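Notes for the one structure printed next.
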Amino acid sequence: MAVATSQFTLKEIKHRLRHGDTIFDALTLIAGSLALLTVLAIGWQLWQESHLTRQAFGWELIFSADWDPYGDKFGALPFIYGTLQTSLLALVIALPLGLGISIFLAELATPWLSRTLGFLVELLAAVPSVIYGLWGVYVFAPTIVKPIGETLNSIAGFIPLFAGSVSPQYSRLAASLILAVMILPTISAVSRDVFQAIPRAQREAALALGATHWEMIWQVLIPYGLSGILGAVILGLGRALGETMAVTMVIGNNYNLTASILEPGSTMSAIIASQFGEASSIDLFRSALIEIGLILFFITLVLNLFARLLVWRVARRVPSEMRV
Amino acid sequence: MNQTQNHPRTSAPLLGMSKAHFARRKITNIVMLSLTGAATVLAIIPLLWITLYVTIQGSRFLNIEFFTQLPTPVGVPGGGIVNAIVGTGLVVGVACVIAIPVAIIGAFFAADYPNTPLGLAIRFGTDVLSGIPSIVMGIFAYTIIVLPQRRFSAFAAGVALAIIMLPLVLRTTEEMLKLVPRGLREGSLALGASNWKTSVQVLLPAALNGVVTGIMLAIARAAGEAAPMLFTAFGSTGLVTDLNESTATLPHTIYIYAMSPFKDWQEKAWAAALVLIALVLGLNILARALTWWRARQMGLNY
Amino acid sequence: MLETTQSERLGIFTRALSGNTPQETSADTKTKMRVQNLDFYYGNFRAIAGVTMDIPEKSITAIIGSSGCGKSTLLRTFNRMGDLVGHTRVRGSVTLDGENIYDRNVDVVLVRRRIGMVFQRPNPFPKSIFDNVAYGPRLLGVGGKALEQIVEQSLRDAALWDEVKDKLHQSGLALSGGQQQRLCVARTIAVKPEVILMDEPCSALDPIATYKIEELMIQLRNEYTIVIVTHNMQQAARVSGLTAFMNMNPDRAGVLVEFGPTTQIFTNPAKKETEDYITGRFG
């Protein structure tokens with residue numbers, strides 16, 4: 001009788017405990033899923049709220065270069081072009097630098113130096129975008145970007161990409177250079193992790209064959225971590241595409257489709273940021289800007305999915321090399 | 001058996017490379033390794049340049065009034081940005097209240113079931129959310145709160161910042177929970193504690209220091225965001241008293257002042273930038289110091 | 001009693017050797033590497049203390065000893081692999097053909113090009129079989145037809161050619177563990193080193209793959225000076241001409257207890273320590 005009771009209570013306690021755990025698990029699952037649900041909700045909301053322009057213009061919004069909101073003309077091509085141009089140029093500048101930094105931090109610097117310099121580079125990502133913009137437009141553009149732009153123009157001005165004169169404050173070049181600085185921490189931090197994940201056996205194999213330190217890095221480590229580095233590049237690109245304030249402040253908000261990086265321009269995020277105030281009371285205008293936001297969301301979503309898969313693949317591949 | 005006889009060895013090709021070739025390899029080595037160091041130095045220059053310049057420019061216009069007074073119209077001397085400081089505090093506070101509980105609770109699932117499809121989906125969703133531009137978060141908060149309510153509000157701004165903070169806090173909490181030694185958890189479970197009690201009473205306190213660090217970094221990030229404010233907090237010249245009012249925030253104020261054609265507003269932009277950068281970098285450095293301190297407590301050579 | 005045990009041990013060897021007689025080192029063999037009073041430090045910890053040994057040319061020298069006694073550490077000082085770990089320091093000298101490899105004006109890259117190394121676990125690059133072997137020669141500026149010849153010859157010398165000649169452009173990682181290790185040997189001999197260091201090259205391999213590597217070593221000793229670290233005493237007995245026995249001294253530093261012809265170390269060791277270790281191992 002006594003035994004039976006104690007068994008009963010034990011069972012009951014177990015049952016109740018498990019019950020508590022079930023609730024806890026459910027709660028954590030719901031909270032954890034909120035991130036994913038938010039991503040879906042963002043996509044859904046932007047899709048819904050951009051239906052006016054999607055129905056009225058269809059694909060024209062993407063392919064038309066004619067932007068005249070008060071004449072109901074919404075061609076976002078200049079902004080899509082501006083976004084791609086500034087982001088890709090930023091990437092071209094930031095990739096070798098970021099790779100160099102990650103090599104220095106992961107392969108050359110002493111642990112103390114690597115931590116200290118690594119922290120300083122990370123701080124670059126902590127500086128608010130609006131402060132980059134402020135510094136960019138009043139300090140960086142007049143002192144650094146203008147001379148660079150003038151030099152580019154005098155050497156290669158016959159190429160449309162480098163045509164025209166560069167303003168001391170606003171240019172696509174200024175936006176690209178500032179973007180390059182802003183995405184450096186992303187590229188260098190992710191590729192540093194990639195380098196640090198490469199097994200020591202790979203390094204030793206190269207060095208034991210008489211490779212120099214650089215030959216080991218260039219011919220063995222970089223090919224080994226290539227897909228991870230590609231992931232870093234794409235994450236950096238994603239960051240550059242969506243970057244708003246600094247770009248809005250230095251790019252000059254020119255709505256015409258021109259080729260030159262020396263001229264002012266605009267980007268998808270910059271047009272949204274600079275015109276939303278006016279657009280919020282005009283349904284069609286607002287819908288157009290939200291649709292541009294939708295495009296931005298979609299591009300960054302796809303890039304992120306791709307980059308995460310790449311980085312995950314490298315992380316998974318490391319043990320397979322040890323296969324015997 | 002004797003392979004050397006089957007395949008008579010050709011006289012070993014001489015691999016004694018030329019001196020010039022070797023010298024070229026050595027020079028390439030030195031040049032390229034130096035370039036990686038140069039890249040690192042080059043990257044740090046903007047950081048130092050920005051912090052020094054903002055400090056020098058900003059401190060010229062910084063005084064007590066700046067922290068206690070409301071803004072003055074163009075041309076009227078004096079005035080401050082107390083409305084923006086309070087506004088930033090308010091919207092970040094709202095964001096913390098929304099994001100931190102959700103992030104910490106969600107992190108338990110991701111940490112408890114790391115390699116299950118659901119656990120992976122949560123991690124993946126979190127990673128993807130953190131990659132979405134903040135301006136898109138702003139538009140989202142605008143469409144779900146500002147549009148239906150027909151007014152800009154501090155609350156909408158808080159929601160936008162909460163979405164930015166959520167993945168940051170969730171991932172750091174998850175990492176910190178995973179770092180808690182297995183023994184601690186198993187010890188508690190072996191004493192008959194349920195999983196959720198173990199999680200809340202044992203794991204969370206053990207991971208707390210790291211979680212706090214993660215929250216500080218997320219706050220630093222959220223406090224510096226200007227883009228979402230354009231569609232949510234909207235800006236205001238008065239002191240915010242209600243979550244349903246529009247409000248000024250520090251980064252947004254910097255944007256407006258910096259882009260204005262007026263000299264005295266541009267000067268105030270630098271002063272406000274100094275306040276913001278001190279806050280943001282201060283939080284980052286504090287978080288790093290905490291991490292270092294924790295690592296030392298654990299006896300790691302960090 | 002002791003006599004019986006010794007002959008028993010000898011019996012094990014003769015069986016283990018399966019036809020390959022250990023190479024006896026004659027007095028007139030040239031010394032390839034000379035280690036003198038070598039100390040190796042990790043920070044303040046002395047991991048190797050006062051090792052002195054002469055490694056003869058074109059022979060196999062085995063280093064045996066209990067795990068953790070510093071065998072691998074010692075081996076890695078022979079091509080300055082220990083340089084890779086921070087806060088290490090070397091005292092004493094290691095000479096290659098009379099030249100101290102720790103000399104200030106000696107280039108470590110050249111040292112490693114002359115002294116190759118095969119590691120505990122096969123570590124092919126995630127490149128094709130061809131590119132793995134071609135890696136070293138390419139560094140030295142070899143290309144074209146000559147490169148192809150070197151790759152083929154190296155794979156033949158590593159007894160791998162017949163197995164891979166039809167799939168040279170497949171990934172080296174697709175090979176079995178034993179094949180990967182022979183690929184690593186081929187990669188090492190492709191730069192024609194003078195000395196090959198082998199750090200427990202068979203510890204991750206099955207017995208058949210181990211046998212193939214040992215067979216390979218015996219062939220390679222005609223051309224190369226080989227130093228092998230092994231925890232497998234039968235292996236040391238099967239392949240080496242000279243054996244060094246290492247142990248830990250009371251300060252936990254690795255010391256060289258005894259060094260001599262393999263048959264002597266295994267059948268008639270001079271030191272009690274050696275005998276204890278070998279008897280313990282062979283049971």
Side-chain angles (χ1 to χ4, degrees), chain A residues 17 20-21 24-25 27-29 31-36 38-39 42 45-46 49 97 100-101 103-105 108 117 119-121 123-124 126-131 133-135 137 139 181 184 212-215 235 238 242 244-245 249 269 272-273 276-277 290 293 296-297 300-301 304-305 308, chain B residues 25-26 28-29 32-33 35-37 39-40 42-44 46-47 50 53-54 102 105-106 108-110 118 121-122 124-129 131-133 135-136 139-140 143-144 163 166-167 170 194-196 199 220 224 226-227 230-231 251 254-255 258-259 269 273 276-277 280-281 284 288:
Chain A
L17 282 182
D21 279 351
F24 181 71
D25 274 359
L27 199 66
T28 57
L29 177 59
S33 322
L34 270 177
L36 195 58
T38 308
V39 175
I42 291 173
Q45 277 293 322
L46 298 189
E49 293 297 332
L97 284 175
I101 294 168
I103 289 168
F104 185 77
L105 296 180
L108 299 173
L117 293 178
F119 177 57
L120 289 177
V121 175
L123 277 187
L124 274 180
V127 174
S129 176
V130 69
I131 291 182
L134 177 67
W135 169 76
V137 78
V139 184
V181 176
L184 260 186
T212 63
H213 207 132
W214 173 252
E215 285 163 345
L235 285 178
T244 308
M245 297 317 292
M249 291 166 84
S269 54
I272 302 173
F276 209 85
I290 294 180
L296 198 55
F297 167 79
T300 48
L301 185 71
N304 266 283
L305 290 172
R308 297 290 167 193
Chain B
R25 289 174 61 202
K26 294 299 287 184
T28 312
N29 183 48
M32 295 313 288
L33 295 185
L35 280 179
T36 66
T40 313
L42 189 64
I44 291 169
L47 178 74
I50 290 171
Y53 198 90
V54 168
V102 175
I105 294 170
F108 278 110
F109 195 91
L118 274 175
I122 287 177
F124 207 67
T126 317
D127 281 352
V128 168
L129 184 62
I132 290 174
I135 189 171
V136 173
I139 302 174
F140 175 64
T143 63
I144 61 165
I163 299 173
L166 173 68
L170 199 154
S194 61
N195 185 35
W196 75 270
S199 297
L230 302 170
F231 323 106
I254 297 170
Y255 173 61
M259 293 287 96
L276 183 62
I277 208 169
V280 169
L281 293 190
N284 271 275
R288 175 55 64 116

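Being a predicted model, the structure only gives us computed values, none of them experimental. Just so it is clear: chains get the letters A, B, ... in the order the sequence lines come, proteins before strands, and each one is counted from 1.
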Proximity breakdown for [X] and chain A, heavy-atom pairs closer than 4.5 Å:
| X | value |
| --- | --- |
| B:Tyr53 | side chain |
| B:Ile163 | side chain |
| B:Leu35 | neither |
| B:Leu33 | both |
| B:Val280 | side chain |
| B:Leu47 | both |

Heavy-atom pairs under 4.5 Å with chain A - which of [options] has more of them than the others?
| options | value |
| --- | --- |
| B:Leu42, B:Thr126, B:Ile44 | B:Ile44 |
| B:Ala220, B:Ala273, B:Pro167 | B:Ala273 |
| B:Leu170, B:Thr143, B:Leu281 | B:Thr143 |

Chain B contact via [X] - side chain, backbone, both or neither, heavy atoms under 4.5 Å:
| X | value |
| --- | --- |
| A:Leu120 | both |
| A:Thr300 | side chain |
| A:Ser269 | both |
| A:Leu108 | side chain |
| A:Leu184 | side chain |
| A:Leu46 | side chain |

Taking the side chain as C-beta and beyond, is there a heavy-atom pair between [X] and [Y] under 4.5 Å?
| X | Y | answer |
| --- | --- | --- |
| A:Gln45 | A:Ile290 | no |
| A:Leu29 | B:Ile122 | yes |
| A:Ser33 | B:Phe109 | no |

Task: side-chain contact (heavy atoms from CB on, under 4.5 Å) partners of B:Ala258, counting only residues at least two apart - done: A:Leu134, A:Tyr138, A:Met249, B:Ala269
Open item on the list: Looking only at the aromatic ring of each residue, does the gap between the centers of A:Phe24 and B:Phe108 stay below 6.0 angstrom?
Closed with: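 Between B:Phe108 and A:Phe24, the centre distance is under 6.0 Å.
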